[in-house]
Amino acid sequence: MKKHLIKDSIITGLALFSTMFGAGNLIFPPQIGLFSGSAWFLGAMGLLLGGIILPVLALWSINNVGEGAESLMGHVHPKFYDAFYLVNSTLLAMGSTLPKCAASTHELAVAPLFPDVPIWITVIVFFALVYFFAKDRESVIDKLGKYMTPLLLILLAVVLIKGVVDPVGQPVDTGIENPFGSALLTAYNTGDLTVGILFAGVIIGDLRRRGYDRKASKKAAFSAGLVCVAALFAVYGTMTYLGATGSGIYPQDTPQTVLLSGLIRQIMGTAGIACLGGAVTLACLTTAVGLGSTVVSFLYTFFREKIPYKVLLLIACLIGVFMGITGVQNIVNYVTPIFLVIYPACIVTTVLGLLNRFLPNDGFYKGGVLVALILSLGDAVLSVFPNLEWLKHLMSIFPLAEMGFAWLIPSIIGMFVGGLLYRGKPKFSLPVTHAGETSSVSN
């Protein structure tokens, strides 16, 4: 059993890594290194917390309270799970993350090598591959963990090792005042926590399919999370350093894709660009396959299995094609206000899920999430209408507003107020099946 645990933890951890390691994670570490310069290690630590640990905590949090996101979201409200997943599956996953993967593949992998290829061809081919890999739900984890992820790591290793052994320059002092905080905020804006929440059910379900009971699956999920953290930080830390080596060469306002392509071209020339293209394609494809399978599975259940899984997957791919041809920047502009609203609520529920056994009632969830949603709505409105002075002044009253965390302190207060208001009331529970027996998990 121990031998199988190690093997399954590695396969599952690498599958989680491949899902987290999308196009955004390829371009952000070098940018953080460029900004941080000689303080690149502090920048890497901020990226570690916000871009790696938080998404993995989502897996552990959900596994702590049950077997899927519904076990966690139900503590906010029984219908909160449906609302959260519907928004994430349609507006974020199908409307943003999946098409952004396709558009990023074109802009970072195809266009630098084949500038005459139009974006619509890349996007159509990309989603044809997504459909092929995701149509068999039962084998998604094995395909990601056994085949695609090792190839991705090999391609990345070739470029990263060369960049460390023969750097393009030396990190310089960029004058940045708070490299850790700046990197943390950048990582927070990637939105990978929502991906972690969406994909957690697939990870836990796969472990149960492999024969692990609830107790053993907790241990396996914890080990898989550690594998994911180690793999992500090895890559993130190195890419942050590569960005720092260019801090004396590239201006601070260098676009992310230009910086990444430029660094790789200096490190390995055209061969490096080819390796980067392969890594980008695999990173985006594995993210799209894992996330696509997850959201389509939810919609399949949401529509009470009346619409076949493959039909829903085809619809998701067609929406991805339509959105993907608009390009990365247009997709980011579209999704930013939606992301600003839901991400703080994801952080609140994740943290409370880890502390669930110490919470006497669900009021902590309800109060914390409600306050987080209200205040984050203000940030979202300002992202669309930045000249609303009265709203700017109102938001600036809250602590940490200048860092983008105006919701944090009020949400903590809301947790305890909610706990007092719901004192003595029962907590949400969801039936969990264990190898032929059904029990109720009330954490």
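Residue numbers run from 1 in the order of the sequence given. Every value quoted in this text rests on a predicted model; they were computed, and no experiment measured them.
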Considering only heavy atoms from C-beta outward, does the side chain of [X] approach that of [Y] to under 4.5 Å?
{"X": "I197", "Y": "M73", "value": "yes"}
{"X": "V348", "Y": "Y365", "value": "no"}
{"X": "N64", "Y": "L355", "value": "no"}
{"X": "I176", "Y": "S182", "value": "yes"}
{"X": "L260", "Y": "M239", "value": "yes"}
{"X": "K79", "Y": "D82", "value": "yes"}
{"X": "N356", "Y": "H75", "value": "yes"}
{"X": "F28", "Y": "T240", "value": "no"}

So, using ring-ring contact (aromatic ring centres under 6.0 Å, His included) as the criterion, who are the partners of [X] when residues are at least two apart?
{"X": "F302", "answer": "F298"}
{"X": "F84", "answer": "none"}
{"X": "Y241", "answer": "W40"}

Has [X] got a side-chain atom pairing as donor or acceptor with [Y]'s backbone, closer than 3.5 angstrom?
{"X": "Y250", "Y": "G262", "value": "yes"}
{"X": "T326", "Y": "M323", "value": "yes"}
{"X": "D192", "Y": "P55", "value": "no"}
{"X": "T245", "Y": "L242", "value": "yes"}
{"X": "T122", "Y": "H106", "value": "no"}

Discussion item. With side chain to side chain contact (heavy atoms under 4.5 Å, CB included) as the criterion, how do L299 and M94 come out once you've worked through the C-alpha distance, each side chain's angles and the decisive distance to 0.1 Å?
Written reply: CA-CA 11 Å; L299 293 175; M94 290 196 296; 3.9 Å; yes

Item to complete: Would you please indicate yes or no on a ring centroid separation below 6.0 angstrom for Y85 and Y81?
Response: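 That pair passes the under 6.0 Å test.
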
Item to complete: Apply the test side chain to side chain contact (heavy atoms under 4.5 Å, CB included) to residues V76 and T349: give CA-CA distance (whole Å), side-chain angles for both, the deciding distance (0.1 Å), then the verdict.
Response: CA-CA 8 Å; V76 180; T349 52; 3.8 Å; yes

Discussion item. For Y334, is the OH atom crowded, meaning more than 12 foreign heavy atoms sit under 6.0 Å from it?
Written reply: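 Yes, because the 6.0 Å sphere around OH of Y334 holds more than 12 heavy atoms from other groups.
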
